[in-house]
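Heads up, the thing below is written out as structure tokens.
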2 protein chains.
Amino acid sequence: MSSEKVIDNIDRGAARKAKANLEDIAREAGVSKMTVSRVLRGSTGFSDQTRARVVAAAARLDYVPNRLAAAFGADHASTLVGMCVPRLTSGLFGHVLDGVDRALSRLGYQLMIGSNNHSAEDEEAWLRQIVSWRPAGVILSGRSHSAGTVDLLRQVAMPVVEIWDLTTSPIDLAVGFSHHDCGVEMGQFLIRRGRRKIGFVGALSRSDVMGQARLEGFQEALARAGHPIAATEVLQDSPGFYPGYYGLEMLLARCPDLDCVYFHNDEMAIGGLTYCQSRGIRVPEDLGIAGWGGMEAASVLPKRLTTTIVPTTAIGKAAAEALVARLKGEDVQDVTVTPTRLVTGETV
Amino acid sequence: MSSEKVIDNIDRGAARKAKANLEDIAREAGVSKMTVSRVLRGSTGFSDQTRARVVAAAARLDYVPNRLAAAFGADHASTLVGMCVPRLTSGLFGHVLDGVDRALSRLGYQLMIGSNNHSAEDEEAWLRQIVSWRPAGVILSGRSHSAGTVDLLRQVAMPVVEIWDLTTSPIDLAVGFSHHDCGVEMGQFLIRRGRRKIGFVGALSRSDVMGQARLEGFQEALARAGHPIAATEVLQDSPGFYPGYYGLEMLLARCPDLDCVYFHNDEMAIGGLTYCQSRGIRVPEDLGIAGWGGMEAASVLPKRLTTTIVPTTAIGKAAAEALVARLKGEDVQDVTVTPTRLVTGETV
DNA sequence: TAAGACTACGTTACCGGTAAACTTGTCGCA
DNA sequence: TGCGACAAGTTTACCGGTAACGTAGTCTTA
């Protein structure tokens, strides 16, 4: 039925032969392979006339460059960058990816992605795959890596950018902010707003150490202010709307007199807001709600969510640019801080 | 300051030399290169004893395979798959990407991504980059490609999966559903619910032909029912919450007696709902609201949104699996339909 | 018991591009 | 006029795998 479309070996061989390579262009233009290579890469050492002949020949033969051969032949010629994120389904990381991709493609690099679901072992498995492609560099999310990951990175000696969290010293380069400080800042803000019985609802799928860091900073701030955290509800689930809804329900069942709840992220906070609305709990009068992350949805709610906005796209862009700068041997600062912004909102 | 970390040429050379290759393993294990290659790829033609020696030698030397060389040496050995989506920041495509990535990495393939912002020229530019890596196949979103794209795909003769829309016959393989039919179905549903003065709010950034297809199907259904569409508001913007909010405001200013509005997607519909709430417009009594896509947020609203749920992850998974099946020479059906589901909700 | 088949490897020739070294021609200048 | 500097190329030697083919032994079987 679809036999005409099946790519069999014969077709493949034919297709391969049909494709022009540097040698074919060299013959067509009457110069050497090496000259063609230099012309097409825009380097120097040839006349305008030669250049024109080569470019014309390449166009005539529909030349498609072979980056595989280039990267293989000259190790450092790779324009491949690997990036690993915790979850591809997260709205925040979608924006980070977008920032990275735009910056990289503008600079002539290609992006190979993977996700690790907050697991250091998955990250290592991904890294081993990527390294076998001899990329120019990699971007990792977070700061908790397996010993094997660190060993491998050291062994291959390529630039590494760690994004998203900045709590400890980086392997190579780092771009992001401190999750711990986000928690502290929100804790202090809630106290200033007069909140005293404060809870937390999270969903720490596997080992989301960054969400954990926010919670710890938050707890520290509350404790220092003399009003330690009243209750926490941490679900073993992905941090989405439903867990936010049910997490708040469970928390309030255990501890009905809370006057404020801090959520793992905005999605969960919106789930919590929905729960309040369905139960007639007034926000912020009866209960304050605070999120984290800065989803677009959070700013268009009837009452703007109190949250921390993370500069996702900017982080991606900065990470890509730092990586490329290092690849080009330019001077790069090891750590780039991309500040977050607490937005007051109307839910606390 | 960071000089110790700079990867200069000397370090690079050293790192390169330090890395073991097949020949080193062959020497260590006392066999030939080719035997090592076969053992490590799990093919046949050697004894268990030889195998054990090779595996041990590889482990001793910390061998990292070089897929670049493999793909280069044997054309068809590439395990690279390219994928291009309209926007990386879309929640829906995040789930599609996740489905593709999980399926591919389980099958031993790597994913190279790009985005085209609904532009056929950007898609072609991306494809030219990707093709230069000689991927095993590509996944494209949508059905509108430039002539150059189609030519190039034909020239390189590799499997292509087009996802997301199924309105015309595919280049090679296709996975998705009909956007046109989604529009028709929603139009018929709204009519059955007794709605008569129906409007549309969209945001057709660049040339989002699939959103356009939904609108056309929708208009057809309404016209056939004898109640042609009353008004449309199409913003030149990305289809997010804000445009939904303001789009509805503008539409109602022009046409205040609408009894229902169909939105480009759920994000815009939620923006519209927010507008209603802020103006005291009761939903669904005063105005019906319908969306498209099936965002998680839409199902956790105080009133569940009337919308069409798209099986995003399943599409990604099916696309990846169809591509790999074709690569392995298995029999694959050209078109895989992944049905959408209209959820009644409570906003119409 | 010799011919043939099978097992378990080894050898060789690429794949397409790049770096480095080498060649040739041209020009300025003492 | 002779010499060095430079521009504009060419030549050669790889990079690390893989496919195709070759071959030495072992096992089977008529």
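Chain letters run A, B, ... following the sequence lines, proteins first and then strands; every chain starts at 1.
- Not one side-chain nitrogen or oxygen of A:Thr44 sits closer than 4.0 Å to the OP1 or OP2 atom of D:dA8.
- In this entry the distance linking CG of A:Leu22 with C1' of C:dC15 reads 13 Å, nearest Å.
- Taking side-chain N and O atoms only, B:Tyr63 has a distance below 4.0 Å to OP1 or OP2 of D:dG17.
- Legend: residues meeting salt bridge (charged side-chain N to carboxylate O under 4.0 Å, His left out) with A:Glu162, ordered by chain and number and at least two apart, are A:Arg143.
- Partners of A:Arg38 according to the salt bridge (charged side-chain N to carboxylate O under 4.0 Å, His left out) rule, which considers only residues two or more places apart in sequence or in another chain, do not exist here.
- Applying the salt bridge (charged side-chain N to carboxylate O under 4.0 Å, His left out) test to every pair with at least one member in residues 109-118 of chain B, sequence neighbours left out, gives no pairs at all.
- Among residues at least two apart or in separate chains, salt bridge (charged side-chain N to carboxylate O under 4.0 Å, His left out) pairs with a member in residues 126-135 of chain B are B:Glu124-B:Arg128.
- A straight line from CH2 of A:Trp133 to C1' of D:dG17 spans 12 Å, rounded to a whole angstrom.
- Counted by atom type alone, A:Ser47 and A:Arg51 present zero donor-acceptor pairs between their side chains at under 3.5 Å.
- Remark: A:Lys317 pairs with A:Glu321 by the salt bridge (charged side-chain N to carboxylate O under 4.0 Å, His left out) rule, at least two apart or across chains.
- When heavy atoms are screened at a 4.0 angstrom cut-off, B:Thr50 is found touching the sugar-phosphate backbone but no base atom.
- Look at B:Arg326 and B:Asp331 and you find no salt bridge, because none of the NZ, NE, NH1 or NH2 atoms lies under 4.0 Å from a carboxylate O.
- Take B:Arg154 and apply the salt bridge (charged side-chain N to carboxylate O under 4.0 Å, His left out) test, not counting sequence neighbours, and it matches no residue.
- Between B:Ser32 and C:dT11 there is no side-chain N or O to OP1 or OP2 distance below 4.0 Å.
- Proximity of A:Asn21 to the phosphate of C:dG16: a side-chain N or O atom is located under 4.0 Å from OP1 or OP2.
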List the atom pairs, with distances to 0.1 Å, where a side-chain N or O of residues 65-73 of chain B and a protein N or O form a donor-acceptor pair under 3.5 Å, not counting sequence neighbours.
{"residue": "B:Asn66", "atom": "OD1", "partner": "B:Leu68", "partner atom": "N", "Å": "3.0"}
{"residue": "B:Asn66", "atom": "OD1", "partner": "B:Ala69", "partner atom": "N", "Å": "3.1"}
{"residue": "B:Arg67", "atom": "NE", "partner": "A:Ser132", "partner atom": "OG", "Å": "3.2"}
{"residue": "B:Arg67", "atom": "NH2", "partner": "A:Gln129", "partner atom": "OE1", "Å": "3.0"}

Using atom names, set out every protein N or O paired with an N or O of nucleotides 19-23 of chain D below 3.5 Å, distance rounded to 0.1 Å.
{"residue": "D:dA19", "atom": "OP1", "partner": "B:His76", "partner atom": "NE2", "Å": "3.3"}
{"residue": "D:dA19", "atom": "OP2", "partner": "B:Arg41", "partner atom": "NH1", "Å": "3.2"}

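- Take B:Thr149 and apply the side chain to side chain donor-acceptor pair (under 3.5 Å) test, not counting sequence neighbours, and it matches B:Ser146.
- B:Phe46 does not qualify as a stacking partner of the C:dC9 base, lacking a centre-to-centre distance under 5.5 Å together with planes within 30°.
- Within 4.0 Å of A:Thr35, counting heavy atoms only, lies at least one base atom of the nucleic acid.
- Evaluation of atom-type donor-acceptor distances gives a pair under 3.5 Å for the side chain of B:Lys33 against the base of D:dG17.
- Taking five base pairs at each end of the helix from C:dT1-D:dA30 to C:dA30-D:dT1 and finding the rotation axis that steps the C1' atoms of four pairs onto the next four gives two axes whose angle is 40°, to the nearest 10°.
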Could you run down the sub-3.5 Å N/O contacts of the protein with nucleotides 25-27 of chain C?
none

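- Residues passing the side-chain contact (heavy atoms from CB on, under 4.5 Å) test with A:Thr89, sequence neighbours excluded: A:Arg87, B:His95, B:Asp98.
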